[in-house]
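The next block holds one structure in the form of structure tokens; read it before the comments.
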Amino acid sequence: MTRILDGKAIAAELRAEIAEKTAILKQTRGIQPGIALLLVGENPASQVYVRSKAKACEELGFYSETLHKPADTSEEDVLAQVRAWNTDPHIHGILVQLPLPKHIDEMRVLLAIAPSKDVDGFHPENVGRLVAGLPGFVSCTPAGIMEIIKRSNIEMRGKHAVVVGRSNIVGKPMANLLYQKNPHANAIVTICHTAAADLAYYTKQADVLIAAVGVPEVITGEQVKDGVVVIDVGINRIVDASAPKGTRLVGDVHYESVAAKASAITPVPGGVGPMTIAMLMSNTYQSAAGEVY
Ligand code: GUN
């Protein structure tokens with residue numbers, strides 16, 4: 001029997017815990033976690049994400065403010081806004097939705113965010129803290145995957161974890177979390193990327209496979225071994241004439257053929273996706289409570 005790792009249920013559990021802790025933080029210390037969301041331009045996916053983040057804040061009793069700026073906003077304007085939030089006592093987390101328009105240097109903007117408010121975990125200070133095994137904010141999607149692993153009691157110690165994808169947001173922090181010497185990690189880690197001539201050579205060796213490629217259904221059942229644990233980070237919309245809307249969401253793994261061999265797998269949707277916002281809320285709560293910096 002293949003175990004379905006229900007990220008939606010785990011995220012709901014986590015959000016309920018944060019809502020409860022938030023109520024206590026307000027009562028005992030008079031602190032309401034606050035997050036500032038900056039969206040530049042009209043990217044439709046980014047608009048959906050930012051709206052979902054603001055809605056999560058409302059549900060959990062957080063303060064939030066969303067600033068939606070036009071696509072031609074200057075880099076200086078963005079930097080000035082970030083700096084204003086850096087010193088705003090109501091704001092414990094600053095989130096600049098990526099991607100930014102091409103005329104804005106993303107790294108300059110990320111570097112301007114105070115590391116202590118960088119709840120996305122993208123500032124090089126927080127990336128460095130992760131690599132060094134120090135407390136800091138960790139990118140929400142990989143942090144959410146670790147939470148799925150932990151709450152599903154998946155043993156990682158000594159296992160061969162293969163991460164497919166080397167993005168700053170998922171692949172790199174994921175690999176760094178998996179090899180850390182702690183009870184829910186301690187894995188042996190391989191990172192694969194586009195230069196791999198034979199991707200299957202690596203994926204077949206995985207005890208735990210993390211697919212963060214961004215290509216629909218690219219990893220198939222023939223490319224994994226029996227009993228593999230599969231974490232599918234992909235969210236891809238594909239055309240499907242038989243689906244009610246004419247399209248449907250799929251992951252980076254071909255679900256049917258991979259699930260047939262896997263001991264456990266995250267579905268798409270309802271797997272990794274819901275964990276990202278839950279971890280953003282968790283990071284912001286921790287920032288407000290002073291648990292990280
Ligand atoms: N764009 C895609 N994923 C993310 C994310 O996790 N945070 C931000 N800020 N932008 C993104």
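Numbers here are sequence positions counted from 1. Both counts, for ligands and for their atoms, begin at 1 and track the order of listing.
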When rounded to the nearest 0.5 angstrom, what distance separates OG1 in Thr73 from NE2 in His103?
6.5 Å
Where do Tyr49 and Gln97 land on the side-chain contact (heavy atoms from CB on, under 4.5 Å) test, with the steps shown first?
CA-CA 8 Å; Tyr49 287 133; Gln97 188 65 29; 3.8 Å; yes
Should we say atom CD of Glu59 is surrounded by more than 12 heavy atoms from elsewhere, each under 6.0 Å from it?
yes
A side-chain contact here means heavy atoms from C-beta on lying under 4.5 Å apart; do Asp207 and Met156 qualify?
no
Tested for side-chain contact (heavy atoms from CB on, under 4.5 Å) against Val50, the lone hit among Thr66, Asn43, Leu38 is Thr66
List for me each residue that meets side chain to side chain contact (heavy atoms under 4.5 Å, CB included) alongside Ala16, sequence neighbours excluded, and say none if there are none.
none
For ligand 1, the residues whose heavy atoms come within less than 4.0 Å (ordered by chain, then number):
Lys53, Leu95, Val96, Gln97, Leu98, Asp120, Phe122
